[in-house]
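Just so you know, ligand 1 is whichever comes first in the structure, and atom 1 is the first atom listed for that ligand. Positions are given from 1, in the same order as the sequence printed here.
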Amino acid sequence: MRIARLQALRGAHAKPLQRLSSPAWICPSCQPNGLASRRRWNSTAQIKEKPFYVTTPIFYVNAAPHIGHLYCTVLADVVKRWQQINGKEAYLCTGTDEHGMKIQRAAAKEGMDPKSFCDLNSDKFRSLTYDADISNDFFIRTTDPDHKDAVSQFWLQLKHSLPSQLGLYKGSHEGWYCVSDECFYPEDLVQPSIVPQTGKKIMINVESENEVEWVKEETWFFPLTKYKEALLKFYDENPEWVKPANRMQEVRDWVENHLEDLSVTRPVSRLNWGVSDPEDPSQTIYVWVDALINYITKAGYGSKWRTSTEDMGIWPADLQIIGKDILRFHAIYWPALLIALGLPPAKGILCHNHWTMSNRKMSKSLGNVVNPVFALQRWDVDPLRYFLMRNGNLTRDMSYSNDIIAAIYSKELQANIGNLFYRIAKPKASAGWSTKRAVETSNSGAFTALDMVKDKEEYQHFFSLESFLARTADGVSREMADYNASGAIREVFELLRETNRFITDTQPWVLAKQNETLSPLLLNWTIHRSAEALRIAAILLQPIMPSKMKRLLDEMGVQPDRRTVAYAKPDTDDAYGTSNEKKNINFDRANKHLTLFPPTVSGDVSDAEVLHQFRAHLGTKAPKSKMNQMTELLAMEARMGEAQVAKLLATDIPVEQDLTKASN
Ligand SMILES: *[C@@H]1O[C@H](CO)[C@@H](O)[C@H](O)[C@H]1NC(C)=O
Ligand SMILES: *[C@@H]1O[C@H](CO)[C@@H](O)[C@H](O)[C@H]1NC(C)=O
Ligand SMILES: *[C@@H]1O[C@H](CO)[C@@H](O)[C@H](O)[C@H]1NC(C)=O
Ligand SMILES: *[C@@H]1O[C@H](CO)[C@@H](O)[C@H](O)[C@H]1NC(C)=O
């Protein structure tokens, strides 16, 4: 019964909005994934422009993915796709960090061996990238053999290829180690504290406020202090290396005031879950050194090249996106290690803040942790990507709230893009215009006849959109050059807002009925300029909403090879448009979830409640939906397909706890 209904609904759905396995959303000739193009940057014969390379952190598999992981990965994906629609070859690397004391302990607690524990949790991150339509080229795991090999080689180079002062040395190490953060903290950043629940006295570090423990052991050291001058020189030469600027300042302060040599191994007796020193099996390589190397493993370090005199493939990365909690590792340790081996550091680091739940810190004990797997189902992939990019902010913590998402969904996606699309490009057959005829009219040169009214006061509103059409692509490019997706969205939205105003002012439905000499031409003009606005907006929003914008461009008849930024200027495409003769889709109640941005469950219902209703709706007893939003639930089910429904039903959201909270 249920299956039959599901399929019926799915059949009615124009195209399953699921992840495309290859990036078919851009023109085939701009696709970077072909073997031919891969060979191009590997060949030393001819130096071509290095492909763009963007990385996310590799995520620590001790816990399930949260919304911050999703945000960071979507941002990297948007940056990559933006390069692609600018005709550049681009690569994205993400993955999981799997070694270290914390994993060793977490696995032991679950009664599992570390590798099985990692397999299980790594899969959750991998499937999140799939669910979120991330176009990553690599998904690296630090337990992969090629990575472990790269780590060993890097390690041996550090040990043997440097003058004795600058290379690794062995020593005895005492210090405050924080297992949660997997690092030592200097004495001046440690202080006593008391666990509120138990009254137990502990030592914590003042940065993350996690517990530290005193550790004394024989380890290898990296003489980080010897690289102080080189680091400061590098920052001087690249003042905008870390964005935003306040983070660059933090890094500089740390290097000037807190630099200590770095203990880069742990005795195997304490830590055995990691890569061991190939020459000294009593030592396990420090998890952060191991982890950072992932960025060059996938660029071919250790397998295709080892020094900067060789073709380093896609290294150095153009951008490494990180969260503020791991800034020190990426902006100090990582460049120091690379500089030691004569390798270039990444070209830039983008450091973002954290997400809160309606301005409160997300935490398990508060029961307000957003489950990104569920959020993607609830809001659909592209709208959630849109929200994360629109409300993302590098300089302050960001607030996640279903109310805000719902408002943005209805005001911007439904009322702006969706409405414009159905008014202009997919009107009813009776509307009296079509984008196809408007484009033909433009091609015929007939619009030159409007030159004679251009200066007349009473015709000014017909030309109000021109400056927006001309400048939006440049505005978006300027924002994206700073990796400011939020700014890019704002630029596109100014264009769309103006277009809605333009339509209200010019009233094409009135023009269609008038019989003055100029009316048919003005009608074509109005439709053409509005269609241009939609076409330009959709091209520019592809990186943020790849499948929705693909559908929009498909339905406007825009050819796949005309979706690059070069085409995001007015009058660059003379071959799109659709006639509306045979189409007479009426988006009434029964059909409304076939629209580009269908109705959703309202924002004031908590995730737990939606899940609860969804389960009830799918269950055999099927009590009447309290939310009276059966259609929306059905639409959600139809959109998701069976596999996702099964996954969702298995989703771990603390229903009871959250329900209690919602009712008081
Ligand atoms: C981030 O927040 C700050 C402070 O409210 C604001 O000035 C800035 O414009 C925001 N940036 C973005 C990208 O929204
Ligand atoms: C990014 O864009 C937002 C929204 O337009 C703006 O407020 C912010 O200042 C921009 N941030 C940067 C770093 O340019
Ligand atoms: C067209 O305009 C003329 C003169 O303004 C008017 O007499 C006529 O009824 C109009 N025809 C239609 C079909 O509206
Ligand atoms: C403009 O559009 C109308 C209606 O779609 C059409 O009848 C007319 O021939 C078109 N061309 C010109 C030059 O007005």
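If you take CH2 on Trp525 and OG on Ser530, they are separated by 10.5 Å, rounding to the nearest 0.5 Å.
For Phe387, the ring pair (Phe, Tyr, Trp, His ring centres under 6.0 Å) test picks out Trp355, Tyr400, with sequence neighbours left out. With sequence neighbours excluded, the residues satisfying side chain to side chain contact (heavy atoms under 4.5 Å, CB included) with Glu440 are Lys436, Arg437. For Val476, the side chain to side chain contact (heavy atoms under 4.5 Å, CB included) test picks out Trp82, Thr472, Met480, Ala488, Glu491, Val492, Leu540, with sequence neighbours left out.
Ion pairing between a basic and an acidic side chain is recognised when a charged N comes within 4.0 Å of a carboxylate O; Asp318 and Lys50 show such pairing. We find that Arg328 and Asp181 are not joined by a salt bridge, their nearest charged nitrogen and carboxylate oxygen being 4.0 Å or further apart.
Close contacts between ligand 2 and Asn484 involve ligand atoms 1 (C), 2 (O), 3 (C), 8 (C), 10 (C), 11 (N), 12 (C), 14 (O) [criterion: under 4.0 Å to a heavy atom]. For ligand 2 and Gly487, the ligand atoms under 4.0 Å from any heavy atom of the residue are 2 (O), 4 (C), 5 (O). Within the listing of ligand 2, atoms 4 (C), 5 (O) sit less than 4.0 angstrom from a heavy atom of Arg490.
Of the possible polar contacts, one joining the Arg535 side chain to the Lys569 backbone as a donor-acceptor pair under 3.5 Å is found. A donor-acceptor contact shorter than 3.5 Å links the side chain of Asn294 to the backbone of Ala291.
The contact shell of ligand 4, taken as protein residues with any non-hydrogen atom closer than 4.0 angstrom, comprises Gly432, Trp433, Arg437, Thr441, Pro520, Leu521, Asn524.
For Asp482, no nitrogen or oxygen atom sits less than 3.5 Å from a nitrogen or oxygen atom of ligand 2, counting backbone and side chain alike.
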